[in-house]
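To find a chain, count down the sequence lines: A is the first, B the second, and so on, and within it residues start at 1.
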Protein chains: 2
Amino acid sequence: MAVVSHRFVKGAILGRIQSGEWGLGDLIPAETDLAVHYGCARATVNRALRELAEEGLVLRKRKGGTRVRQMPVRQAKLAIPVIREQIESAGAVYRHHTITREVRVPDEVSRKKLNLREDISAAYIETLHLADNAPYAFERRWVNVDAIPDFLNVDLAAVSANEWLVRSVPFSLGSLSFCAIKADALIAKSLGCAVDAAIFSMNRTTWLDDRLITDMELLFREGYILQSVL
Amino acid sequence: MAVVSHRFVKGAILGRIQSGEWGLGDLIPAETDLAVHYGCARATVNRALRELAEEGLVLRKRKGGTRVRQMPVRQAKLAIPVIREQIESAGAVYRHHTITREVRVPDEVSRKKLNLREDISAAYIETLHLADNAPYAFERRWVNVDAIPDFLNVDLAAVSANEWLVRSVPFSLGSLSFCAIKADALIAKSLGCAVDAAIFSMNRTTWLDDRLITDMELLFREGYILQSVL
DNA sequence: TAGTGGTCTAGACCACTCA
DNA sequence: GAGTGGTCTAGACCACTAT
């Protein structure tokens, strides 16, 4: 018996959408009908349509059926930069350098982000990531050492704060955002760019249960481009 | 009989990873074992693990089994900004204004991106998107009118170029990238910001089969933040 | 070669929601 | 109430790969 994979069905349906056979907003045949049409089980059609829905190409409703989306592709996958890999996959040598490392009571803005009491200290680290000895990204990070006391004993020369945390703490990503900011004197000096250069910034927080573990800001060198996949 | 959903299994496995029961790099029991353990069918465990793999938390290999990833979460989902929705969902009034619209032979850089012959013209459009009459984003776009001749007759006052294309052309997203750039005089004037302000830029290309339909650059107002989901 | 994930099937029941 | 998607099951066979 001929094998009909969910990939085949997905591709066939996608083709019929892209060819215009099923226009934007149109209703697609029910799973059972498609299963008969393609000669496969309903579960196979279901998986194909479920993936198309996850990718934002169709909209599914019980009883309402499946429709081609008016505004397709609301979501894209984004490769989160893991700096060491990014640099090494480009064939360059990765190195990092700890600029600042101290434990103190955060200023009010950071304290609120970390959700800490006024009398609790946290670790503040500034790191420079280098590709072939040229500045690649400048990292500023607060670590909640009240939640992760082991962090105080880490040798940051051997492993970057990011990698230690990722390897040692049961993770759960909190939020991720991106923006553009102007380089101030500290950033300009660290990245070796002009003051007022346009810098691509990534913000990331990580939680353990309901406690914020670390809040990181990564500032990339001038001209950095973040590529999305898909 | 008790119902054991793939969501439950997924959550249970995730919990055992995050609690540290299965550390980073560790091997997780095989699907069949987990199915017995949770009292469900293997297909249910399979779906749970498949989703965890798609989210980047585990790595699966035939015969090799399933392991907890060393560097979790390489991917995040990103809500692609659909400007009108973004503005309207914030409770503001959306409006757009076509600044420039012309048909000409692109300069060499754009011509190469569009993959056009030297003697073929394309449409160039500059649009300003406004939220409550304040500049929100400035859009520059080339449209391959050789492939989409209908575009020449569109009334851009009624519907933005982006929305018309999305509704009229069988879509297929090409690439998506983000960067930070300094505002030049044109951008500063359009967005009402200072020259040299740091501007968040999104680049997007759309293909139909193997022809590039449109190449768009979207420059957001100063201070714009792109939020990732998940 | 043996073990593990990848996938398909046929059938079943449930949940939602539109008419 | 009826139609559609959502999901689970039990079983089967295949594909890859570690050993």
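For B/Cys40, the listed nucleotide lying nearest its side chain is D/dT9; candidates were D/dT4, C/dT4, D/dT9. Minimum atom distance to the side chain of A/Lys63 is reached by C/dT17, of the listed C/dT17, D/dG5, D/dA12. Distances from the side chain of B/Arg42 to the nucleotides C/dC18, C/dT4, D/dA12 place D/dA12 closest. Considering only side-chain atoms of A/Arg62, the nucleotide from D/dG5, C/dT7, D/dT9 that sits closest is D/dG5. Closest contact between the side chain of B/Ala41 and the listed nucleotides D/dT4, D/dA12, D/dT9 involves D/dT9.
Rounded to an integer number of Å, the gap from A/Leu59 CG to D/dT4 C1' is 14 Å. Between B/Glu31 atom CD and C/dT7 atom P there is a gap of 10 Å when expressed in whole angstrom units. For the pair A/Leu34 CG and D/dG5 P, the interatomic distance rounds to 8 Å; values are reported in whole Å. Between the CG atom of B/Leu49 and the P atom of C/dG6 there is a distance of 9 Å, given to the nearest Å. The CZ-C1' distance, from A/Arg67 to D/dT4, rounds to 12 Å in whole Å. Put simply, CZ on B/Arg60 is 18 Å from P on D/dA15, counting in whole angstrom units. Separating the CZ atom of A/Arg47 from the P atom of D/dT7 is a distance of 13 Å, rounded to the nearest angstrom. Straight-line distance from the CD1 atom of A/Ile28 to the P atom of D/dG5: 10 Å, rounded to whole Å.
Ring geometry, B/Trp142 versus B/Tyr124: the interplanar angle falls from 30° to 60°, so the pair is classed tilted. Note: B/Tyr136 and B/Tyr224 have perpendicular aromatic rings, judged against thresholds of 30 and 60 degrees for the angle between ring planes.
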Practice task
For the pair A/Leu14 and A/Glu55, evaluate side chain to side chain contact (heavy atoms under 4.5 Å, CB included) and give the outcome as yes or no after the intermediate values.
Solution key: CA-CA 11 Å; A/Leu14 187 58; A/Glu55 289 164 24; over 6 Å; no
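Taking CG of B/Asn203 as the start and NZ of B/Lys113 as the end, the distance is 4.5 Å to the nearest 0.5 Å.
With the nearest nucleotide of DNA chain D identified for both A/Ala43 and A/Thr66, A/Thr66 has the one nearer the 5' end.
For C/dT7, one of the phosphate oxygens OP1 or OP2 lies less than 4.0 angstrom from a side-chain nitrogen or oxygen of A/Arg7. Considering only side-chain N and O atoms, A/Thr44 lies nowhere under 4.0 angstrom from the phosphate OP1 or OP2 of C/dT7. When the side-chain nitrogen and oxygen atoms of B/Asn46 are compared with OP1 and OP2 of C/dG6, one or more of them lie within a distance under 4.0 Å.
The residues B/Arg60 and B/Glu31 are annotated as salt-bridged, a charged nitrogen and a carboxylate oxygen being separated by less than 4.0 angstrom.
Contact annotation for B/Ser5: backbone-only contact, meaning every heavy-atom pair under 4.0 Å involves sugar-phosphate atoms and none involves a base.
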